[in-house]
Amino acid sequence: MAASELCYLTIGEAGIGLRQKHFSAVELADACLDRIDAHDAKLHSFITLTADLALEQARQADKELSTGHDRGPLHGIPIALKDLYATKGIRTTCHSAVLANWIPDHDATTVIKLRDAGTVLLGKLGMHEFAFGGPSVDAPFPAVRNPWNLAHIPGGSSSGSGAALAAGFCYGALGSDTGGSIRTPASHCGIVGIKPTYGRCSRYGVIPLSWSLDHTGPMARSVEDCAILLQVLAGYDALDNASANVAVPNFQTGMKDGIKSLRVGVPRNNWFNENLGIDPQTESAFNQALQVLESLGAQIVDIDGQPFSLARKANQTILTCEAYAYHEATYQKTPMKFGSSVRRRMLEGAFLSAADYLTAQRARAVLNDQIRANFATVDVFAVPGAARPPEAFDNMDPNEQNMRPSFTNPFNLGGLPAISVPCGFTEGNLPAGIQFVAPAFEEATCFRVGYAYEQATEWHNHRPAI
Amino acid sequence: MVQDLSLNQLRELAERAALKLPDDELAKLLPGVNRARRQADELRQLVNAQTEPAGHFGADKGN
């Protein structure tokens, strides 16, 4: 098998190949490391490579698998982590000068879970600085580029996770999502990402952006791979105050049962046309995806988009206040150590009042009730992954995102599980995604709809020419 | 409706918050701060006297 084919296997396919001895875990890791070495100078998806550790973990995986010690579907699989997951003894920077040399003395809970599952850690991935603002053009590490077109952003804040997966550098990655930071890069890079229910995956050991909106979750190249990763990541963690003590189902059970008669709510009215509205090509890809869902037996139902539209205001107010509170002492001492993009967005929180913050939390309660009430008449929501194709670096307008609908952050506000799946391309061969959103703790429904759509289309099989 | 801040008012608020920001940085911050304040203010229309914030302290949870 050619190295490039090896690098684009799914986790499921790689697992079969390892167990049938078509290749070893060391060969998988080597293939990824060689590909990173050949191409990442253009993409900048990795901040820190852990090649020696990866090869040591791969050798250990080969040894264990050869002696019948099988840790499950992630055993021997190369993965990478957004650089805000604490990794004991490995630099964790948040893509910032503030933490440029921080070496944690502990691991995030999710990092421990992935290691115990036998994964092979390739390294730490670039991101938007402290998971906020835009691409970090004045940070100590270069901004991550989109593998589909290097002149364009990959989306963020889990930029490196999206780019590395699309480029075939790893088989799975962790992102984090406070307003869309898993789903936006998934959509912009043509891969799959799920933001699970708030509390489903531990946040312990992940540098906070906004405590009440932060979610951790997996990104991969297929819906099934995301389900495999989430199976390992999910579960109660006493170290995380927001962790939910809720049973974790088998996320693959029922995944292939189809979506006949599933009611899909589309909150188009009063939302998709907000301010500048959705980009026409993006909307066209979304509408074609809805037709595919209908052809699979789903019913498309119009629902009111007004509370979804208003959710952005509450999300942004809460986010900036909580983010500034976390970083306040550093801003008071060394404000200019933060890059300009994150600094200007986060400092907004210094000038909002306690009443502003609590009013946003009160509005959150109202809007979440209105949004969740729709589940009386529909089973899932379908919305675009992003309002427009990824911008060119040379043409970025930091204000434009506030002039378009935000299709991601209502589901952070409500903590609802949401998956982004590739649904086509816009002009310039730039990917678009569609999100499926389910009631709390029903990630399995996200996987079922996502899998049915994915398998009915070819979008997930497209690869960028890097 | 909330009034936009002037640059002088922003400078004063920054000083009270123990933020040492140069004037050119404050000028770049000002539009975003005013947008954020207007946005936060609009949320007041969504709540009434009975609306409590999402999320509550729980004595049983100890946090």
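In this text the structure is predicted, and so the values were computed from the model without any measurement. We name chains A, B, ... by the order of the sequence lines, and we start the count at 1 in each one.
Looking at A:T320, neither its backbone nor its side chain comes within 4.5 Å of chain B, counting heavy atoms on both sides. If you measure heavy-atom distances from B:R16 to chain A, you find no contacts under 4.5 Å at all. Looking at A:I318, there are no atoms closer than 4.5 Å to chain B (heavy atoms on both sides), in backbone or side chain.
A salt bridge does not link B:R37 with A:E348: none of the charged nitrogens is closer than 4.0 Å to a carboxylate oxygen.
Atom CZ of A:R362 sits about 7.5 Å away from atom CG of B:N48, to the nearest 0.5 Å. In this structure, the separation between NZ on A:K333 and NZ on B:K20 is 10.5 Å, given to the nearest 0.5 Å. In this structure, CG on A:D356 lies 8.5 Å from CG on B:L43, to the nearest 0.5 angstrom.
Closest of all the heavy-atom pairs between B:L19 and A:L347 is CD1-CD2, 3.9 Å. Between B:L21 and A:P335, the closest heavy-atom pair is CD2-CB, 3.7 Å. Closest non-hydrogen pair, B:P53 versus A:L358, comes out as CG-CD2, 4.0 Å.
In terms of heavy-atom pairs under 4.5 angstrom with chain B, the leader among A:R364, A:K313, A:Q316, A:E328 is A:K313. With chain B as partner, the option from A:G349, A:C321, A:A314, A:S353 having the largest number of non-hydrogen pairs under 4.5 angstrom is A:A314. Your options are B:R44, B:Q45, B:E42, B:E52, and the one with the most heavy-atom pairs under 4.5 Å with chain A is B:R44.
Counted within 6.0 Å of CG on A:D394, heavy atoms from surrounding residues, nucleotides or ligands total 12 or fewer; the atom is thus considered open.
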